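Note sheet for the following structure.
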Amino acid sequence: MTKRKRETASTAALLSALAAGAAVLALPLLVTPGHAADPIKIGAIAEVQAVVGSSIPQAAQLAADEINAAGGVDGRKIEIITYDNHSSAAESVRAFQRAVTQDHVNAVIASYVSEVVLALEPWSGRLKTVLVTPGAASDVITQNIGKDYDHLKYTFHGYLTSTSLARLVCAAAKDLLVDGLHMKTAVITSEDAAWTTPLDASYEKCLPEIGIKVLDHIRFSPDTTDFTPIFNKIEGLKPDVMITGVSHVGVQPTVQWKQQEVPIPMFGVASQATNSSFWADTNGATEGVLYQGVSGPDVAVTPKTLPFVNAFKAKFGNFPSYAGYTSYDEVYYIAEAIKRAGGSTDSDKLVEALEKTDYVGTIGRVQFTGKDSPTPHALKIGAGAITGLMLQWQDGKQINLWPADAANGKVKFPKFIKVGANP
Amino acid sequence: MMQFWQILIDGFAISSLYALGATGFALIFGVSGVLNLSHGALMVAAVVAAWAAGSDLHVGPWTGAAIGVGVGFIATVLTYFAIVRPLQETRKIREEEKEIFILTATLLWGIMIQELIASLYTNNAKTVEPIVAGVVWIAGVRTPANEIFTAVVCWLAIGLLWLLVNRTRAGKALLAASMNPRGVTLLGIELSHVYIAVWAIYGVLVGTAGVLLGMFLGVSSYSVGPLTASAFSIVVLGGLGSVSGALIAAYVVGYLETVTAYLISPAYRTIPALLLLVAVMYVRPRGLLGRR
């Protein structure tokens, strides 16, 4: 091959045509046009191509449509502007800059990936723009706010922190596994990601408190394709249960668990299992998988839950992901906060108003921890706030098992699971 | 001892799959000199098609698998006619520059397929419903029956390919084309027919390997790059263009990965194989059985 390059017009044209083709496919930026005189603009930066992320802009749009149909916020319409971040932190930062400086949004709802939100958090401070995440979990997000409140107060954690998730999983495990099935041992099994570091630390603390001995703690790369060696190792430890922390992976470990008939139940946080499409994605291998959730398709957590689920299904043809519920609520309580701030969209006033949020949404009662907390702007959990659920895939349906007053079924495992086989 | 059998069985299944995937890739390079960087995308397309047929059209696992192989085949043949052939035949690009153009074009084509799949079916992982379910016990190891099925189908496909190349007239023409394209033309064999035949064979291999991978481990649109890279490194390790070299390399890589995953950590799975590749490049740049 010659080293000398002689670019003819046609070769350049060919390359640019290919590049343009790739660019067209790679950048489906959806910009919703708006014509209202002085609309409130909310940016939605999300992983549009991922099942969890795709619900974020859709649910936000649904909330905006409902608010607008009811007359808007004191007559002003809400406009949602969607940015696809291709699951990339770098693209999210560019989208955030563009949303603030060019599109002049008043607030941003962004992402279910902790790495993305942690990258956006300092930008929310620099550009003094409210950022609410409907799905990231890392505790570091609110810990950062605690360390540098004046600069980072514009960020709100609109979903449960990893520590909260772990505490809710342990509370459910106490009732369902310890009291219900007399389980005594567990192996913590989680993907290596920002959100699972605090999750695993909390698991290690709260599992012994409810009487479950942690035999080992296995973290695996989210790039893992073959889970056989991992399941093999876990089986060798003979635990009663695997306590999970998975979000980036989901389909592959579930399908291989079923295919290899690993006789140990899975219980914990499995974000992809919250999607209604998970049954089809795993060809039914998810039968018997137990997962923490803030909502379920047939669970009326609050009077707002089922009307939202039905409206979403009617409009988009599928059920919302967990980040859809929170994204929908976020548009509502941002709108309320603007109203409380006397219609002002000034970011500092909006932060003050958002801190006073007391809103019953689709997943429970939303209140944020105060500025004096070590982790400001985290959702409050527990009785009277958000309690969460523990669901199980049974025969193609997501059945809620916990807490007892919201349960619509009982624990049931596929045949290959041996409960109580490891004394 | 138990772990020895576990590694032996698991490694065999994964290596067989690598072998099937890399065979087609090696064949295409050997015969037509094309390094097809859309290889991974074609495999993922086959998986997603088989999955979609099962979950959207509710067809059985055999039909689903057949649809997957069919889509893999069509996508591969389309790659040849829409991307590779026009570049091979154009007079606007100088001969010695064509290789790099084809390399770039197939890479971009792969990205387009990847993005198309992600926007239609999301970038979440998909798996194909296995044709054989359940587990069997081999030497005390609980082995999914699907793993045995995978290995058997891979070797059937590779065996058929061997028969085709070595025992039929068309196959011999194909072999001859890989050795001396000009000589084949002088014998009155239309080179472009040979190319079409070899891309068609490649299409079936890609579709089959993809569907089996979908049943065994599952893939997402993110798998496009790693799958191409894995086929590429196996083929380079075995010797560019040598199908038997690729087969040996597939087993070397497959077992090296499995041993690493079991004895060291699943997180370091791919690293020793890549180090081996670098070492081979230093000591024996033409690969294990390479001709050039």
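Not measured: the values here are computed from a predicted model. Just so it is clear: chains get the letters A, B, ... in the order the sequence lines come, proteins before strands, and each one is counted from 1.
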Revision key, fill the gap. Under 4.5 Å to a heavy atom of chain B? For N275(A) that would be side chain
**Study point:** For the student: nearest non-hydrogen atoms of S87(A) and N123(B), plus distance
**Key:** OG-ND2, 3.8 Å
Review point. Measuring heavy-atom distances to chain A, does V128(B) have an atom under 4.5 Å in its side chain, in its backbone, in both, or in neither?
Key: backbone
Exercise for review: Can you measure from NZ (K233(A)) to OH (Y262(B)) and round to the nearest 0.5 angstrom?
Suggested key: 12.5 Å
**Study point:** More than 12 heavy atoms from other groups under 6.0 Å of NZ on K397(A)
**Key:** no
**Study point:** Note, D226(A) side chain near E257(B) side chain (heavy atom, < 4.5 Å)
**Key:** no
Check your understanding: With a 4.5 angstrom heavy-atom cut-off, which part of E235(A) approaches chain B: side chain, backbone, both or neither?
Key -> side chain
Check your understanding: In terms of heavy-atom proximity below 4.5 Å to chain B, should D223(A) be classed as side chain, backbone, both, or neither?
Key -> neither
Review point. From Y222(B) OH over to T225(A) OG1, what is the distance, rounded to the nearest 0.5 angstrom?
Key: 16.0 Å
Exercise for review: Keeping the roles fixed (side chain from Q260(A), backbone from P144(B)), state whether a donor-acceptor pair exists under 3.5 Å.
Suggested key: no
Study note, to complete from the structure: What one should report as the nearest heavy-atom pair of P266(B) and I230(A) is CG-CG1, 3.5 Å
Exercise for review: Check for a donor-acceptor pair, side chain of E129(B) on one end and backbone N or O of N283(A) on the other, with a separation under 3.5 Å.
Suggested key: no
Check your understanding: Rounded to the nearest 0.5 Å, how far apart are CD1 of I117(B) and CD of Q49(A)?
Key -> 11.0 Å
Review point. Considering only heavy atoms, which portion of N146(B) lies under 4.5 Å from any heavy atom of chain A: side chain, backbone, both, or neither?
Key: side chain
Point to revise | Taking every non-hydrogen atom, the tightest pair across T228(A) and D10(B) | key: CG2-OD2, 2.8 Å
**Study point:** Shortest non-hydrogen separation from G218(B) to Q252(A) and the atoms involved
**Key:** O-NE2, 2.6 Å
Review point. If only atom types and distance count, is the side chain of Q259(A) paired as donor or acceptor with the main-chain N or O of M215(B) below 3.5 Å?
Key: yes
Review point. Given that the side chain runs from C-beta out, which part of A133(B) has a heavy atom under 4.5 Å from chain A: side chain, backbone, both or neither?
Key: neither
Practice item. Measure V262(A) against the heavy atoms of chain B and call it side chain, backbone, both or neither at under 4.5 Å. Key: both
Check your understanding: E95(B), Q3(B), Q6(B): which one forms the most heavy-atom pairs within less than 4.5 Å of chain A?
Key -> Q6(B)
Check your understanding: Of the backbone (N, CA, C, O) and the side chain (C-beta and beyond), which part of Y121(B) lies under 4.5 Å from a heavy atom of chain A, both, or neither?
Key -> neither
Exercise for review: Would you mind checking which part of V255(A) comes under 4.5 Å of any heavy atom in chain B, side chain (CB onward), backbone (N, CA, C, O), both or neither?
Suggested key: side chain
Revision key, fill the gap. Pair count under 4.5 Å, heavy atoms only, with chain B: among A50(A), G53(A), S277(A), highest is A50(A)
Review point. Which pair of heavy atoms, one from P263(A) and one from R142(B), lies closest together, and at what distance?
Key: CD-NH1, 3.7 Å
Review point. With a 4.5 angstrom heavy-atom cut-off, which part of S54(A) approaches chain B: side chain, backbone, both or neither?
Key: neither
Review point. OH of Y268(B): more than 12 outside heavy atoms within 6.0 angstrom?
Key: no
